Every structure is written in structure tokens, then in C-alpha cells.
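Right, one structure below, let's go through it.
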Amino acid sequence: MKEKWVTFIKWFSNRPTILGLLIFLLCICGTIFVSITRQRVLAESEENKMNVVLKDIHQNFEKSLRDSYMSTFELGLIINDKGVPENFESISKEIIDENPIINSVQLAPEGIIKYIYPLEGNEKALSLNLLKSTYLKGYDFINTKNKNIHFDGPFNLKQGGVGIIIRQPVYKQDTFWGFISLVVKFETLLKSAKIAHVNHDKYHFQFSTKNPFTQEERFFMPYKINLGKDNYVTYTMPNSEWKLYLIAKQPYGIYPLTYLTLIIGFVLSLIIGFLSVKLLKKPQALELLVDAQLTDISNKKMKFKAFFEQATIGFIIVEADTGDFLEVNTKYCEMLGYTIEEVTGKNLAFFTHPDDVAACFENFRKLKNGAIKEYKDEKRYITKSGSIIWVSINVSPLWESDKKPSSYIAFIKDITLNKQSQSLIQKSEIQFKSLFENSLVPLWEEDFSEVKNRLAELDLMNKDPELVYSYFNAHPEEVVNCISLVKIINVNYECLKLHKVKTKEELITNLNELVDVSAIDDIKRQLVAISQNVQKFKIDSRIKNKDGELRDIHLRWNVIKGYEETYERVILSTEDITERKTSENIILESQEKIKSIINTIDGIVWEYDFKSEKVTFVSTKVVEILGYSVKEYVEIPFFWESKIHPEDKDWVIEFSSCSDRKKQSRVIEYRMITKNEKTIWIRDIVNVVLKNKEIIGLRGIMIDITNMKEAEEDLNSSLYLVKEQNKRLLNFSYIVSHNLRSHTSNIKSIVSLVETEETEEERHEMMNLLKTVSNSLDETMDHLNDVININTNINLVTKPLRLNQYIDTVKAILSEQIQLSQTSIINDIPDDLMVNYNPAYLQSVLYNLISNAIRYRHSDRKPIITLKWIEENNQNALEVSDNGIGIDLIKNGDKIFGMYKTFSSNVDSKGIGLFITRNQIEAMGGSITVASEPTIGTTFKIYIK
């Protein structure tokens, strides 16, 4: 065999032309093969580049839409148990602010768009029926059984422009409620996907959607794609009928480099054929050519490696028989938290959650056996930190389908956030369903449109409410007619329970029978409210259940937004308040009884709360006693303190505060000022209210004791007067006893002497002496009579008197004595000063004091008498001073105003003047005091009431 091979080589060596031709032909074939292979590699490379570009675009689409459709879940949470959105505008504004690509937010209960934010510019879309509108014919809005989010459009929007809709069907208690829709302007979506960043010199971008009914594919970009001729790559968006296309502007065709390769190959083939002998002698040149080819292959591997490592999802190359990892990219390792070294050599099931391992092996077994060509799955991974993540895995062979693969490639994407979102949505749906099913409030959904139409027919819309009410009073049959026009759309279980019926149909059939006669007036008021276009209404009313039992209810209804004009949708609640009403009536009756009892108490009942520092209650007696209203007493801060008499305020507040600190109840009496500025006496009986041994408030009653105080003062005055009278009478009895005894003793002695005298002369002398004693007795009796007149004269006449006039009168009476004694009288009393006094008493008092000052003048100096009007201790007083001989008050102070008490050797002293003066002053309700020093002078002060 070896010899034949050697012979063969020698044969060709001897025939260089044939060898060169054969080498030329072989080189040409090789050149063609290499060119074709290169053309294919370049085309695949270009397609891979386009796939990368399209992948970026589709990821931008998905990111924008994912950020947006998460908002639909937030919107779903604002729909309450009644199916009414709450805070729609504020939540929608936050969503649009956070997602700039969203143009508007729409809610479509039962497929009819009723809520739009912002409304400005989108008015035309209001009331659009997504399920029936011919405008949207061909779009899958009617398929409400599909509970998943869906992307619809693009299509021409009713409000203008082209847009897409992110649509989320909403279900309440497994019943289709409507749609939550986010409208995205198509051009805004394209901008967010960064279409402008695509190299438009090389590529066209196209966006299409398929009509779900006609299956017709519609394109939206200006470029018209020719699917039969154009070179393009495409991607179908999930949850939609959308396709993204990236189209090469230039067809793949034969690349210039391929032509160049063919030319160069042809030339090289000629050279190789021509120089075959020389080339055979130089194997190094052949090795260089081989190295060049290896370098080219290596470069291609590097490009694939770069794409493999820089991908945004995880890639794994898996050995076909064992499932072991041959290669993993960085993204996959980042998902799990391991390094490439830690992951390399592991298999598909190594990091898989134990509960998902069996399914993983089963899928791989089917893949190995050829039962399936590829598989997709969602499973859990356990990361290095021990946390669990959800991934979407797509495993497919690396080679063509007609060959047995030696390895598989797996694409892994982290879908943990999606899973968490789905879990939250499921929980929310369960919560909403539970809330609705367990609601304790009877809810109705009703249609008042026919009622409103009837009111319009009767020409009662927007008429005066009293006129409408009077009409229904005069036409009760119209009230019954309007009740029959109410359409019940839906009710919840609590409604059936309230009316004691089993089905909605039974409730509707017997509705008129369940309306109690006592509620007819309430129905009239509702009809009046509808005639005035009232959107919200509430009233306490009555219904009659199927058993004929009357139940009190709190009825409220609200017109759903979007139906303000027609009243086609009204949400109504009928809360059963029978027990509450019964309790309220009992409480009201009790309160009325207590109020009646409190108001019958002859005093102001009050209550004070320590926490709020306010009077929380005061009885109506405050009006009668103080003249202030209950509102003034309760609402004016520190009202009680401000009305206490100024003289009592400080000690009353201090005493009350001290008692509060000691937690002591108290009874205090003080004065208050009424609204008409009158002073009254109050007895305040205060009780401390304790809770857990801490004071929380005060309760008390203020009793008007003014009359009692006045009676007490009158009694004290009478008692004082009686005491004084008794004292005077006792003193008078002493005086009478002493003076009369003295005179009677003298008379008795003289009579005895008269009887014993022998001569007529002696008897005559004794008779003269008896006359003298008799005259003295007569004078004493006159004095005693004056004193009796003063003390017994109760009804003294008093009137305003000008004081200086009476001083001048006394000066005139004493003018001779004043002139003889050279007395000076200094009068400092204002000329117009008036006093309320008895005229006789005033003249007598002035006469006695001035005459005494002249009589008891000092022998060494001229007498000076000074008269002044002073105010002392809030009392007015007349002050009469002299520079006479004075009185020794230490020796005679207690006798100075006594009867027949004299303190000088003056023969004119009788001791009766000051006694009578004091009695006169005291009879006028005043008093007199004296200050004196011997040889200096004396000052009298007469206090005038």
C-alpha cells in the first residue's frame, strides 16, 4: 500500500500541469466553500446584531409597559366594596407623575368609560362603550373572561391621536366589574423605547398588530415591509398581538467581501496551481494560511463569547447527556450570588428548589429522549444567601433539529417581581371578595332615571321644593307611581336579610308592600331632592320587612359619577338602626327627665371638665339668676371667674384651687355680678368627680342666697339696734335711778327738816331750799325727756341739707359769745356740700360742739375752731377741732359721752350736751369719736351715714 502511495505521488510529481490543474480546481472549490461559509457567517452575524438591537428595543418597550401596568394594580385598590372608585383623581395624578409615558387613566365600569384623568382633552372618550362601540370593532374588549392584563392597539383614539391601551379587567366577587385602562400615546411609547437611537442608515423599524377577529396584520410605521423579500428579525410582545420588526435597509445578498474573497481565491488558485510545485516545497506558507483561518474562527468565537457574557439574562451551555454546566454567563451567576467557578460543573437541578427538582429532571429526560424539542418552565432557585427567587427557563438544543445535539443552551430570566405582583393581586382580590361578602351594611344599586323622567313630564324639575312637596301631598297616587318606576339593579345579601326575603326577585316583586305608610313622607322628600338634582341624600326612615315588622333605617344614596344628569346609577345603603333608635329614645327620655329635674332645682346646676378646662354643662337657671345665657356661660373662657365680685375674686379662686389640689368637695359663699350690674350672694356647693383616685371634673349647684343674706343683715342690724337700745335703756335706768334717788332723798331730808324746824324763818329757808331742789328735779326731768325723745323717735325725717347754711345759723346764735371770747372759726367745708340729715339734730350737734369749744377755751390764748369735711375708711366725716383746754382721755375717756359727766371746774358744765349729741348722731345711723390732749385741744369726728 505504501508503495502504491509513493507511486501515486511520483505520478503527480511528474505531471505538474495536471497537479497544478487539480490543485487549482481544489482551491477554487475551497474558495467557493469558504465564500459561502463566510457569506452565511456574515449574514448570521448581521442577523445577530439586528437581534441585539431589536432585543434592546423590546426590553425598552417591556420596561416602559411594566412600569405602567403595575399602576393598574394600584388603581384596582381604590375601588371600594360598593364598586365606587375613591380618590380617583389624586391617585391618577400620582400615577401619571410617576409614569411620564401614560397620557391618561380611565375606569370603565361594565365596559363604559366613566372616569378619565385628566379629563381636559379627553372628553370625547367619556361614555364610550368598549364592549359595544363600533368605533373599536375588531378589538378584543369583549373577552372579559380573560382576567390577565392585555395591551390593545395601536388605534386612532376617540379624543384624537394614535395610542395603545394597557387594559386590566377588574372582577368583584367573581363578577366582571369593568376595565382599568392606561392610555399611552403611540409616539410617546416609541420615544420611551428609544427608537430614535436605532441606526436609521442601516435599519428600518416596524410595529404591527394582528386583528383578533380578521387575523389581518396591520403596520403602523411609514416603511412598508415586504415579508417575502426583506431581511428582517421580529419579536412578538407578550399579552398582546404586537410584533416588532427590525428590517435591514440593504438585503443580505452577496457581500462585497464575498466577491473579494472569490476574486482573491480565484487569483490565489491560479497562483497556487501555477506555483504548486514551489508551494509544495514551502509548507510554512501553507501553515500561515491555516493560522489565518484559525484566527478568523477564533475571532468569531470571541464575538459569540462577548454576546454570551454581556447578555441581560442568564445563559447556560448544558452537556446533552448529563445535564452538567459546560459554560455559564455572568448574569446567571449574579442571579444566584455565586462565582463562575462555584457554578461551573453543576447541573440544571443543583440550585433548584427541592419541590421543583422532580419536574426539572422530567423535562430534561423528555428533551434527551426526543419527546420534546425544547421546553419552557417556571421554577424556584435557592441563592447563595438562602433566599428564593423565581425564574423563567427556556432550554433548547444548540444544533440543527435534524442532528442529535451534543449540548443545550438554557435562557434564564428572573421573574421574582412578577410572581410577587401576582401574589399581591391574588391577595387583594381575596380581600375585596371577603370584604364584600362579609359587609354588614345593606347595599343597593338602583336606577332612578325613569323617576327623573316622570318628574320632568310633571314639570317639577328645578321647581321650588315647597311646590314639589305640596304637589305630592295633593297627588299621593304619583308617589306610588314613582316608587314603581325605581329599577333595582343589584342588592347584597344584607338587603335580603334586612327585608327577610330569600332572593332579589322576591325583593323586587314585593317592594311596594315593603314600603311602610309612615315612610311615604320620606319618599316625598327623596322625590323633592331628585327634582333639585341633589347628588347625595340621607334621611332616617322606616321600612317594613316581609313579616310586617317595622325597622328603622338610615337611608343614604349617592349618584355615581358620570350619571349626574340621568340618575341611571345610584348606590343606596339602608343601615338598620332600630336598636340604636330605641336606645336613643330611651336616652332622650332620660335626658329630658334629668333636664326637667335640673331645671326645677332652684339653683344653677353646672359641670366642669378638668381635661378640656371647660364648663361642659350649665342649667337654664343661669338666665334667671345671673341674666346670662347658657351659651355665654359655656363658651366664654373664664366666664365664672370674670363674674365674681372683685372683693371676693382672689380668695374664692385661691380657695377653690387649693380644694381641687386636695381633691376636697366644698361649700362657699361669695358675691357675683349679674348682667344688669347687680350684686347677688351665691352659695356654691361643689362636689369633686374622681376616676381612679384622680380628679377628672367638678359638679355643683349655685344657689342665690341674696334674700337670705339681706334678711340676715337686717336681722343683725335689728339685733344690733336692740342691743344698743337695751344698752341705752339700761344706762338710762341707771341715770334715772341715780338722779331721781338723789333728788327724792334731798326732798325727803328737807321735808323732815321742815317738820322739825321750830321757827317760821327756818321753815321759810327750808321751803326755799325745797324749791331749789324741785327746780333741779324739773330740769333733770326735762333732760331725761329729751333723751327719751331721741331714743324713741324712730321715724326721723331726713332730707338733703347744705351743711354751711346750718353752720352759719349756729354762728349767728352764738355770735355774742363768739364776739366776747374773740373766737375765730375757720370753715374749710365746700359751700355746696349737701348731707342727708334731720335738720333739728344737725343744728343741735353743731351747736353743742361749737358752744363747748367756746366754753372750754384756754385762758392763755384766743380760741380757734376749725371745721373740715374729710373721707376716712370709705366714710364721710365732719371734723371739729379746737385749741381749748383739752380732755384727759386716759383718765376720763370712758366717761366723756356719759350723762352728767363733767371734767372741768366751769360752773356752766352740766354733763348733758355730749350725751345728747352722741344719741342724736347714733339715731341718724352715724358715730362720733374724740381725740384730745390736756392744754392742747380737742378734735371731734362725726361720721355721717
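A quick note: this is a predicted structure, and the numbers were derived from the prediction, not measured.
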Phe448 and Ile530: CA distance, side-chain angles, deciding distance, side chain to side chain contact (heavy atoms under 4.5 Å, CB included) verdict: CA-CA 9 Å; Phe448 288 178; Ile530 296 172; 3.8 Å; yes
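- Across all non-hydrogen atoms, the minimal contact from Cys482 to Leu527 is CB-CD2, 3.8 Å.
- Using a cut-off of 4.0 Å between Lys/Arg side-chain N and Asp/Glu carboxylate O, Glu506 and Lys546 are scored as salt-bridged.
- Side chain of Thr574 to backbone of Leu555: no donor-acceptor contact under 3.5 angstrom is found.
- In this structure, NZ in Lys463 is found 7.0 Å from CG in Leu460, a value given to the nearest 0.5 Å.
- Contact annotation: the side chain of Lys452 approaches that of Met461 to within less than 4.5 Å [non-hydrogen atoms, C-beta and beyond].
- In this view, Leu126 and Ile116, Leu119 satisfy the side chain to side chain contact (heavy atoms under 4.5 Å, CB included) rule, not counting sequence neighbours.
- Contact check for Tyr493 versus Leu443: no side-chain heavy atoms found under the 4.5 Å cut-off.
- Looking at Lys500 and Glu549, their side chains come closer than 4.5 Å, going by heavy atoms from C-beta outward.
- Under the 4.5 Å side-chain criterion, counting only non-hydrogen atoms from C-beta, Gln106 is in contact with Val183.
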Between Glu579 and Thr582, is the side chain to side chain contact (heavy atoms under 4.5 Å, CB included) condition met? List the steps. CA-CA 5 Å; Glu579 286 74 17; Thr582 303; 5.6 Å; no
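- No donor-acceptor pair under 3.5 Å is formed between the side chain of Asn481 and the backbone N or O of Glu477.
- Within the model, atoms CG of Asn453 and CG of Leu458 stand 11.0 Å from one another, a figure rounded to the nearest 0.5 Å.
- When every heavy atom of Pro118 is checked against every heavy atom of Asn122, the shortest pair comes out as O-ND2, 2.7 Å.
- Nearest heavy-atom pair across Gln535 and Asn533 is NE2-O, 3.0 Å.
- Leu498 CG to Glu494 CD: the interatomic distance, rounded to the nearest 0.5 Å, is 8.5 Å.
- Partners of Tyr117 by ring-ring contact (aromatic ring centres under 6.0 Å, His included), not counting sequence neighbours: none found.
- Summarising the geometry of Pro169 relative to Phe179, their closest heavy-atom pair is CA-CD2, 3.9 Å, with the distance given to 0.1 Å.
- Panel note: side chain Glu632, backbone Ser629; a donor-acceptor pair is recorded below 3.5 Å.
- For the pair Asp414 (side chain) and Val391 (backbone), a donor-acceptor distance under 3.5 Å is absent.
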Test Asn473 against Lys524 for side-chain hydrogen bond (donor to acceptor under 3.5 Å, both in side chains), laying out the working first. CA-CA 8 Å; Asn473 276 339; Lys524 293 176 188 176; 2.6 Å; yes
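- Distance check: Leu244 CG to Ser208 OG gives 8.0 Å after rounding to the nearest 0.5 Å.
- Using modelled atom types, no side-chain atom of Asn103 and backbone atom of Ile96 make a donor-acceptor pair closer than 3.5 Å.
- Contact of the Ile79 side chain with the Trp177 side chain is registered, since non-hydrogen atoms from C-beta on lie closer than 4.5 Å.
- At least one donor-acceptor pair under 3.5 Å links the side chain of Glu564 to the backbone N or O of Gly562.
- A distance-only check finds no donor-acceptor pair linking the side chain of Glu110 to the backbone of Ala108 [under 3.5 Å].
- Side-chain contact between Val570 and Asn558 is absent, with no heavy-atom pair separated by less than 4.5 Å.
- The side chain to side chain contact (heavy atoms under 4.5 Å, CB included) test with Arg569 singles out one residue from Ile489, Val84, Asp447, and that residue is Ile489.
- Interatomic distance, Ser541 OG to Gln526 CD, rounded to the nearest 0.5 Å: 7.0 Å.
- Under the 30°/60° scheme for interplanar angles, the aromatic rings of Tyr567 and Trp557 are found to stand perpendicular.
- Here the shortest heavy-atom pairing between Asp540 and Asp522 reads O-OD2, 3.7 Å.
- Summarising the geometry, atom CD1 belonging to Ile543 is positioned 6.0 Å from atom CD1 belonging to Ile553; distances are rounded to the nearest 0.5 Å.
- Note: Tyr471 and His475 have parallel aromatic rings, judged against thresholds of 30 and 60 degrees for the angle between ring planes.
- Applying the ring-ring contact (aromatic ring centres under 6.0 Å, His included) criterion to Tyr633, with sequence neighbours excluded, gives Phe639.
- In summary, Glu575 and Lys538 do not engage in a salt bridge, as defined by a charged side-chain N under 4.0 Å from a carboxylate O.
- Looking at every heavy atom in both residues, His499 comes nearest to Asn545 through O-CB, 3.6 Å.
- In this structure, the side chain of Thr578 engages the main chain of Asp552 through a donor-acceptor pair within 3.5 Å.
- With a 4.5 Å cut-off on side-chain heavy atoms, Thr209 and Pro154 count as touching.
- Under 4.0 Å is where a charged nitrogen must lie from a carboxylate oxygen, and between Lys487 and Glu445 no such pair does.
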Carefully, step by step, assess Trp444 and Ile488 under the rule side chain to side chain contact (heavy atoms under 4.5 Å, CB included). CA-CA 7 Å; Trp444 309 62; Ile488 300 175; 3.7 Å; yes
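- Between Glu378 and Lys419 the shortest side-chain heavy-atom distance falls below 4.5 Å.
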Please determine whether side chain to side chain contact (heavy atoms under 4.5 Å, CB included) holds for the pair Arg556 and Leu572, giving the CA-CA distance in whole Å, both sets of side-chain angles, and the decisive distance to 0.1 Å. CA-CA 6 Å; Arg556 299 170 62 111; Leu572 184 144; over 6 Å; no
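- Evaluated for a side chain to side chain contact (heavy atoms under 4.5 Å, CB included) with Asp609, the options Ile696, Thr616, Val615 yield exactly one hit, Thr616.
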